[in-house]
Amino acid sequence: MIIDGLTIAYLGSALAIGLAGIGSAIGVGIAGEAGAGVLTEDPGKFGTVLILQALPGTQGIYGLLSGFYVMIKLGLLGGSPVTVSVLQGVQILFACLPVAIVCWFSAIAQGKTAAASIGMIARRPEETGKAIILPAMVETYAILSLLATILLLNTIKLG
Amino acid sequence: MRLNVNPNRMELMKLKNRLAMARRGHKLLKDKLDALVQDFIKVVRENRTLRRDIEAEIIKAFEAQNKASLMLSEEDKELVTTLTQQKIVLHVTTRHITGVKVPHFDVHLEGNPYSYSLVTTPAELDEALSSFFQVLPLMIKLAEAEKAIELLAVEIQKTRRRVNSLEYVLIPNLEETIKYINLKLDELARSSVTRIMRIKR
Amino acid sequence: MTTIQEKPVATQNTAYAYLVGRIRMLERGVLNGRILESALKVEDVEQVVRIISELPYLSEALQNIPKAPAPLDDALMSHFWETLKEVGRQKLGKNLSLFFQYSFDFNDIKLIIKRHLAKKASGREYPGTFDWKKVSHFVSGETGEHLSDVYRRAIEETLAVYESTHHVQIVELVLDRVYLQEVMNMAEISESPVIKNWLIAFFMFTFFRSAFRAKYQESKFELYRTIYFKNPYLSLEDLSDIITGPDEKIGEVLVHSGMKNILLGEGEYRNDPYYLAEIEKNMDNYLMRFIRPYRTLTFGPEPVFGFLYAKSIDIKNLRILLHGKYFGIGENELRNKLRECYYE
């Protein structure tokens with residue numbers, strides 16, 4: 001068989017890093033555009049705008065984290081590579097899906113919320129705290145998905 | 001003041017005629033003055049009510065204009081006033097009040113006054129414009145009445161001066177002169193009587 | 001019956017994030033009900049200026065301007081024009097600011113043509129997207145000048161129609177028609193159903209308004225029809241009913257087009273300029289209420305368009321306030337004339 005377990009596990013790792021990264025890029029992009037709009041009028045708001053813009057970036061990091069975890073588990077980063085059966089490979093792939101999919105969408109959603117919050121601090125600079133909490137709430141689900149992925153990966157025992 | 005004339009019967013006759021004429025003229029002028037004053041008072045009264053009406057109308061028109069300008073930008077104002085097609089035709093004739101020539105104005109507005117956009121101007125502008133077009137003929141009427149008053153006043157002044165000069169200058173002077181000539185003539189008569197009496201003696 | 005009564009769905013296009021972000025800053029310079037109320041209370045123009053100078057952007061626009069209505073008005077207009085230009089400079093904002101820029105442009109063209117017909121030397125120039133000299137040259141016969149097709153056709157048609165009728169109002173009617181045609185085209189190509197419906201509402205209101213005005217001015221219907229062009233929203237028969245029919249007929253026409261309550265409230269139509277002014281206010285307020293709910297959106301063209309409309313209404317309100325205080329018009333009468341604000 002051409003497709004072996006290791007390849008499928010690679011796919012899982014790649015999806016986790018790739019999809020979450022795409023999501024984060026889009027999210028940061030949206031927030032960045034809104035931020036640029038605000039900074040055009042008032043460059044003094046750079047600090048808060050930067051925090052809000054960076055928020056959707058965390059999903060990409062979670063994806064990368066999951067991807068690395070898979071690589072470590074497979075022994076690709078130092079140590080000797082382990083043998084992975086096709087079934088185990090599919091398990092790893094599925095375990096990676098929560099972080100891949102949830103981070104993809106949540107990053108975009110968070111980007112939009114962050115853009116809205118940037119709009120909010122533009123009009124009401126005194127409400128910066130609240131403006132940061134709102135997009136941070138979206139983060140919860142990204143963290144939960146990361147947790148799910150790590151727990152799922154932990155249950156897979158590789159020989 | 002006595003006139004500088006030779007005290008003889010010829011002059012006396014002349015002066016008496018002049019006095020009679022002056023008295024008649026004085027009476028006539030006095031009648032004319034009364035008539036003029038009567039007309040003047042009538043015109044002034046009319047003018048006063050007209051003026052009050054017009055002032056109310058003008059205030060209304062300016063208020064409407066102010067309200068319209070609340071809604072117009074500077075450019076809109078220029079647009080509204082730049083090109084209009086209404087023509088004002090004014091006919092001037094004269095009429096007579098107690099022998100005084102006064103002008104009479106007939107004003108016609110021709111054409112559509114509304115020459116601005118229906119879309120970009122406020123509705124208040126219509127009101128402002130129509131009230132100004134109501135005021136305009138009234139204002140011309142007022143101008144006519146004011147001019148009549150002015151002309152009448154000038155005429156009254158002139159007539160009164162004539163009456164006064166007749167009454168206080170010419171007639172007393174004539175009377176004084178006639179009295180003087182009479183005295184002189186009497187004196188002449190008396191001196192001739194004494195002369196004749198002397199000769200007879 | 002048209003679609004404008006329905007609540008359309010906003011586009012939520014994230015491509016507008018930059019513009020909306022900027023608008024959020026600029027919106028701090030938009031008037032609100034509280035400021036208007038305190039400006040109504042004060043005595044003179046200077047104090048009004050001091051109160052509205054609380055707002056950013058507006059305060060910069062009004063700095064060092066003599067405190068008289070005319071220069072203040074000019075300053076406000078050029079402030080609005082600069083804002084439009086700022087938004088129009090963005091690729092996505094171009095079509096949004098175009099609607100407002102057109103009203104400037106068409107006014108300019110009207111003025112240039114009228115000055116030409118009145119044989120007046122060219123006076124001061126007002127904001128516009130084109131070069132005034134070019135348009136003046138074009139109007140006075142130098143067809144070689146480069147002008148956009150819309151303006152070129154509009155000017156040529158206006159001059160031709162004036163040549164054959166020699167009626168001054170026709171200059172305005174023809175150009176207003178071209179303007180409304182452009183508005184309808186904008187509505188047709190608008191990507192946002194909200195803005196599309198807003199433009200259609202504006203378009204219908206404008207036609208109704210012109211018909212009411214023509215009725216008051218007792219214009220000949222032959223003259224009025226110059227402004228009309230065939231469109232799917234209003235028929236010429238409806239407008240002719242308004243102009244030539246009795247007052248009661250107007251209620252029917254408005255019910256038929258679904259506009260009765262918007263324009264007249266509960267009342268009956270009266271052919272009186274002050275009543276028409278009231279209707280004009282209702283129109284502005286309706287358009288404001290129509291776009292206002294979309295101001296909270298973060299994406300899409302609606303908040304940008306809403307902001308620009310809010311700005312244009314602000315200019316109107318400020319003009320009412322400044323001129324009103326200058327002429328000493330009473331507080332209540334002014335309050336009656338003020339339009340609703342974008343923010344309460």
Side-chain angles (χ1 to χ4, degrees), chain B residues 54-90 107-139, chain C residues 69-70 73-74 76-77 103-104 106-108 110-111 113-115 117-118 120 123-124 126-127 166-169 171-173 175-176 179-180 206 209-214 216-217 219 223-224 227 272-280 315-316 319-321 323-324 326-329 333-334 337:
Chain B
I54 289 174
E55 264 167 19
E57 288 284 325
I58 287 180
I59 288 172
K60 229 175 77 191
F62 271 103
E63 273 175 2
Q65 191 209 28
N66 286 352
K67 275 180 198 160
S69 77
L70 292 184
M71 317 293 296
L72 287 169
S73 73
E74 293 301 306
E75 185 173 11
D76 289 336
K77 282 177 197 158
E78 196 178 337
L79 259 177
V80 170
T81 50
T82 294
L83 192 59
T84 51
Q85 57 186 355
Q86 194 166 40
K87 283 204 183 82
I88 298 171
V89 182
L90 189 69
V107 68
H108 292 289
L109 299 177
E110 277 175 11
N112 189 349
Y114 308 107
S115 59
Y116 43 79
S117 164
L118 298 171
V119 172
T120 55
T121 55
E124 286 99 326
L125 191 62
D126 291 352
E127 171 74 19
L129 228 80
S130 60
S131 45
F132 267 110
F133 281 117
Q134 271 167 19
V135 167
L136 185 72
L138 287 175
M139 278 173 75
Chain C
D73 198 70
D74 286 338
L76 287 171
M77 284 307 257
S103 62
F104 279 87
F106 276 94
N107 262 4
D108 292 350
K110 278 180 194 172
L111 191 55
I113 292 183
K114 278 191 160 184
R115 275 180 186 164
L117 293 177
K120 258 188 201 167
R124 57 170 294 203
Y126 296 92
H166 280 279
H167 197 288
V168 176
Q169 204 174 20
V171 173
E172 305 263 0
L173 290 171
L175 285 169
D176 284 340
Y179 169 62
L180 288 172
T206 310
R209 194 149 78 107
S210 65
F212 292 152
R213 297 284 298 284
Y216 177 77
Q217 299 181 356
S219 310
L223 185 67
Y224 176 77
I227 200 176
D272 164 40
Y274 290 130
Y275 187 70
L276 288 184
E278 198 76 6
I279 292 180
E280 282 171 9
I315 303 295
K316 256 188 198 175
R319 187 177 298 138
I320 293 174
L321 264 178
H323 281 75
Y326 184 77
F327 292 129
I329 296 176
E333 199 167 335
L334 285 183
K337 284 205 179 302

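Naming convention: chains lettered A, B, ... in sequence-line order (proteins, then strands); numbering from 1 in each chain.
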What residue in [options] has the most heavy-atom pairs under 4.5 Å with chain B?
options	answer
C/T206, C/I315, C/N107	C/N107
C/L276, C/I320, C/V171	C/I320
C/K337, C/H166, C/E172	C/E172
C/A214, C/A118, C/A70	C/A70

Check your understanding: Does atom NZ of B/K77 have more than 12 heavy-atom neighbours from other groups under 6.0 Å away?
Key -> yes

**Study point:** B/F62 atom CZ, over 12 foreign heavy atoms within 6.0 Å
**Key:** no

Review point. Where on B/A128 is there a heavy atom nearer than 4.5 Å to chain C: the side chain, the backbone, both, or neither?
Key: neither

Point to revise | Structural part of B/T121 lying under 4.5 Å from a heavy atom of chain C | key: both

Exercise for review: Determine whether the side chains of C/Y126 and B/E78 contain a donor N or O and an acceptor N or O closer than 3.5 Å.
Suggested key: yes

Practice item. Give a yes-or-no answer on whether the side chains of C/D73 and B/S73 include a donor-acceptor pair shorter than 3.5 Å. Key: no

Practice item. Please report the C-alpha distance between C/Y224 and B/L118 in whole Å, then the side-chain angles of each, then the deciding distance to 0.1 Å, and finally whether the side-chain contact (heavy atoms from CB on, under 4.5 Å) criterion is met. Key: CA-CA 10 Å; C/Y224 176 77; B/L118 298 171; 3.9 Å; yes

Side chain, backbone, both or neither: which part of [X] has a heavy atom under 4.5 Å from chain B?
X	answer
C/Q217	both
C/L76	neither
C/I329	side chain
C/E278	neither

Review point. Picking from B/S69, B/A64, B/S130, which has the most non-hydrogen pairs under 4.5 angstrom with chain C?
Key: B/S69

Check your understanding: Of the listed residues (B/L70, B/D76, B/L129, B/T120), which shares the most heavy-atom pairs with chain C below a 4.5 Å separation?
Key -> B/L70

Exercise for review: Taking all non-hydrogen atoms of both residues into account, name the closest pair between B/Q85 and C/V168 and its distance.
Suggested key: OE1-N, 3.0 Å

Check your understanding: Minimum heavy-atom separation for B/A123 to C/A277, with atom names?
Key -> CB-N, 3.8 Å

Review point. For C/Y274, is the NZ or CZ atom of B/K67 found under 6.0 angstrom from the centre of its six-membered ring and inside 45 degrees of the ring axis?
Key: yes

Review point. Is there a donor-acceptor pair closer than 3.5 Å between any side-chain N or O of C/K110 and the backbone N or O of B/L79?
Key: no

**Study point:** Any donor-acceptor N/O pair, C/R115 side chain to B/T82 backbone, under 3.5 Å
**Key:** no

Practice item. State, with a plain yes or no, whether a side-chain heavy atom of C/R213 is found less than 4.5 Å away from one of B/Y116. Key: yes

Exercise for review: Assess whether side-chain contact (heavy atoms from CB on, under 4.5 Å) is satisfied between B/E127 and C/Y216, documenting all intermediate values.
Suggested key: CA-CA 10 Å; B/E127 171 74 19; C/Y216 177 77; 4.1 Å; yes

Point to revise | Gap between atom CG of C/D74 and atom CD of B/E74 - 0.5 Å precision | key: 5.0 Å

